[in-house]
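Basis for what follows: all heavy atoms, side chains included, without hydrogens, waters or symmetry-related copies.
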Amino acid sequence: ETMAEEKKLLLVDDGDDEVDISNGVDNGVGDDMSDSEDEAMLFEDGDTIKEENDGAINGDGASIWRLYLSHGLTAWTLRMWEFAVALLLIAMRPDSVLLPAIYTLVLAVSVMIFNPLFGRYVDTKPRLSVAKWSLVCTKLPFAMSSLFVFLVLSGKIDEKKHPGWYWSSVVGVIVLTSCGHIAYNCNKLSVEKDWVSTIFAKNSLRLSKVNSVLRRIDLTCKLVAPMVAGFVMTYRGQDAGAFGICLWNVCSFIPEIYLLTKYYGAFPALQAPKAKVVESSNVDKKHLLLKTYYTMSSGWKEYKKSKTFRPGLGLALLYATVLSMGPIMSAYCFYRGMSEALLGSLRAVGAIFGISSTFLFPHFRQRFGLVKTGLVSIWCMIATISLCLVSVEYAHPEDGDCSTFQDNNNNGEWKACKYRYSVEIGFLMSGVILARFGLWMFDLTVTQLLQEWVDSSVLGIVSGVQGSLHMLFSIIPPVLGIIFSGPSDFNLLAIVSVSFIFCAGLVYTSFYAQARDSGNLTEDLSSILHDNDNNNDDDNRKK
C-alpha cells in the first residue's frame, strides 16, 4: 500500500488533467518492464516530472543490444588493425623496429593535438551526425592503409623497382592509420561517453554495468581479432591478412551505420538539444588557428580544474609503457622468434584477464565504492607488472642465438633470436598478461569517474583532453624506441615502463587520500546505498 501511494504521487501535469503513472502497474504493463525502464521514464523538467514516450530501454532489451553489437563491430576493426599494423610495418622493414616506433610517435602526436577539438565537436554538434561521420572517417583510412600494405607485401610495389611508390605507401599507411585512430576516438567519445552517460545518468549502478559490458566487448575483440589476424597471416601470408582487413572495413560499414541509427531513434533523451557551450567573444571565429588554439587551451583549463584531474593523470601515466603488447613489444616478440599466431594467442590470454575484470568491476564498485576500487586495481597492476623486472635479470641478449628466416611469400628476411634463458620471455609475457586485470578495472574506474563527476556540458572536451593526455605520455615509448631501436635494448624500455606505472599508483593514491579527507568517499558510498534502494524499489514494484 505504501508503494502504491508513492506511485500515485508521480503525476503528469497536462493542462487541467492529471495522469496516474501507476496505472501501468495495475494493467500489467509494469511486469514487462526492465529494472532500468522505471528509472529512465522519469525526467526532471524544471519543477515538473513528465513521462517520456518509451524514452527508456525497451522491454525486450533490443535497443541496448544494438549499441553492444555496433560497438563490437567498431572495436573489432580497431583491434584487428592495431595488432596487424605493427607486424606489417616490421615486415616491410624486417631489420629494425624503427617503422613501428615512428608510427606510434606520429599517432600519439596527432591524437594529442586533435582530441580536444573533436571533444568540443562532440559537445556542440548533433549526436547522430557526429557518430556517423566519425565512423566513415574510421573505416575509410583503415581500408586504404591495409590496401597499401597489401600492394607492398604482394610485390606489386617493390622498394628497389619503385622506391618512390614504396616510401609513399609507407607514409600513407602511417598517416591514414593515425587519421582513422583519431576518428575512432571521436566515435568512442560520442557513443560510449556522451550517449551512455545521457541515458543512464540517473542510475550509477546501471551505468557501471553498461560500461562493463562495453569494455567486455572491447576486450573480447582484443582477444579474438588478433588471433584471427595472426592465424591468417601465419598460414595464408601477411598480404592475405592485409587484404582481408581491407574487405572487413568495407563490408562492415553499412551494418554499423544501421545499428547506430536504430539505437539513436530508440532513446528520445539522445534527441534532446544539447546545452550550449559559451565561447569567448575575443576569439574571431573566422580565424581557424585562433579558434583551434582557444578550444585546446579552454579544454585543458576545464580538465585541470575538474575533480578527476589526478585519476585521469594516473591513467595517462600508464600509457608511457611498452609493456602493453603494442607495436614496439609486438615487433620485439616477433624478433625473438614468436610467430604471428602465437603472439595473437598470447594477446588473447591477456584479454581474458581483462575481460574477467569487467565482470568483477560492478561488484567491486558496489562493495567498496568507485574511488577505493581504483586504488585496489592500480596496486594490483603494479604487483603483477613487476614480474617484467625479473625478465630483465634473466635476459642476456649478447649471448643470443640469432638466425635469419625467410617469410612465407619469400619476399623478405628477418632475424629471430633465442636468448640463453627462455624463462626471460616467460616472465615478461606473464607480467604483461596478469597486469591486464588491474589495468582494465582501473580504466573502468576512471571512465565512470569522468561520467559522474564531470558536468555533461563539458564532458566531451574533458574526455578529449583525457585522450590527448594519454597520447602525450604514449609519445615517450616510441621516442625511446627510435633512440634505442635495437631489439636488444628492449630491457631498458621495460625498466622505464615499470617506473611510470609505479608513479601512476602514487598519483592515484594521493587522489584517494584527498577524496577521503574531503568526504567524497562518504558521498560515493551514499550513492551506492541510494542506487540499491532504487533497485530494491523496482523489484518490489515488479512483484
Side-chain angles (χ1 to χ4, degrees), residues 79 82-90 93 96-109 111-112 174 177 181 222 226 314-338 342-344 346-347 349-351 353-354 381-382 384-395 397 400 417 419 424-436 438-440 442-443 469-505:
R79 295 305 183 183
E82 184 181 57
F83 167 76
V85 67
L87 301 180
L88 295 174
L89 284 173
I90 200 170
R93 298 289 296 180
S96 172
V97 297
L98 185 61
L99 282 184
I102 292 175
Y103 154 71
T104 308
L105 177 62
V106 172
L107 174 63
V109 172
V111 171
M112 181 184 67
I174 294 175
T177 300
H181 209 294
K222 195 171 186 177
L315 180 61
L317 285 167
L318 300 183
Y319 281 74
T321 174
V322 297
L323 303 175
S324 61
M325 296 189 182
I328 295 178
M329 184 173 175
S330 297
Y332 171 73
C333 293
F334 193 56
Y335 169 81
R336 289 293 309 276
M338 284 189 181
L342 177 58
L343 187 56
L346 290 174
R347 285 176 64 105
V349 175
F353 278 87
M381 180 185 179
I382 292 172
T384 51
I385 203 72
S386 299
L387 289 173
C388 297
L389 295 178
V390 180
S391 70
V392 175
E393 176 65 25
Y394 281 96
C417 292
Y419 291 1
E424 175 266 340
I425 196 70
F427 273 112
L428 177 66
M429 297 305 297
S430 297
V432 173
I433 289 171
L434 293 174
R436 302 297 94 181
L439 169 65
W440 290 111
F442 184 71
D443 182 87
L469 199 60
H470 295 173
M471 292 299 103
L472 176 63
F473 284 98
S474 67
I475 290 174
I476 296 174
V479 168
L480 292 177
I482 292 172
I483 297 174
F484 304 99
S485 59
S488 59
D489 297 323
F490 183 81
N491 293 322
L492 174 62
L493 304 182
I495 295 173
V496 174
S497 299
V498 174
S499 301
F500 274 102
I501 294 172
F502 183 75
C503 290

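Using a 4.5 Å heavy-atom cutoff, the side chains of I501 and L317 are not in contact. The side-chain heavy atoms of S324 and V432, taken from C-beta on, include no pair separated by under 4.5 Å. At least one side-chain heavy atom of L318 sits less than 4.5 Å from a side-chain heavy atom of F442. Within the 4.5 Å cutoff, the side chain of I476 has heavy atoms near those of the F500 side chain. Counting heavy atoms from C-beta outward, L428 and M329 have side chains that approach closer than 4.5 Å.
Taken to the nearest 0.5 Å, the CG atom of L480 stands 11.5 Å off from the CD1 atom of I475. Here the SG-CG distance, from C388 to L493, works out to 12.5 Å after rounding to the nearest 0.5 Å. I385 contributes atom CD1, which lies 6.0 Å from atom OG1 of T321 (distance to the nearest 0.5 angstrom). One distance of note links CD of E82 with OG1 of T177; it measures 11.0 Å at 0.5 Å rounding. Considering CE of M381 and CG of L323, their distance stands at 8.5 Å, rounded to 0.5 Å. Atom-to-atom distance recorded for I102:CD1 and L107:CG is 13.5 Å, nearest 0.5 angstrom.
Closest heavy-atom contact between L315 and H470: CD2-NE2, 3.6 Å. Closest approach of P477 to A320, counting heavy atoms only: CG-C, 3.7 Å. A pairwise comparison of heavy atoms in L387 and G431 identifies CB-CA, 3.8 Å as the closest pair. Minimum interatomic distance between I382 and G505 (heavy atoms only, all atoms of both residues): CD1-CA, 3.8 Å.
Side-chain N or O atoms of S497 include one that pairs as donor or acceptor with a backbone N or O of V322 at under 3.5 Å.
Shown here are the ring-ring contact (aromatic ring centres under 6.0 Å, His included) partners of H181, two or more places apart in sequence or in another chain: there are none. Applying the ring-ring contact (aromatic ring centres under 6.0 Å, His included) criterion to F353, with sequence neighbours excluded, gives no partner residue.
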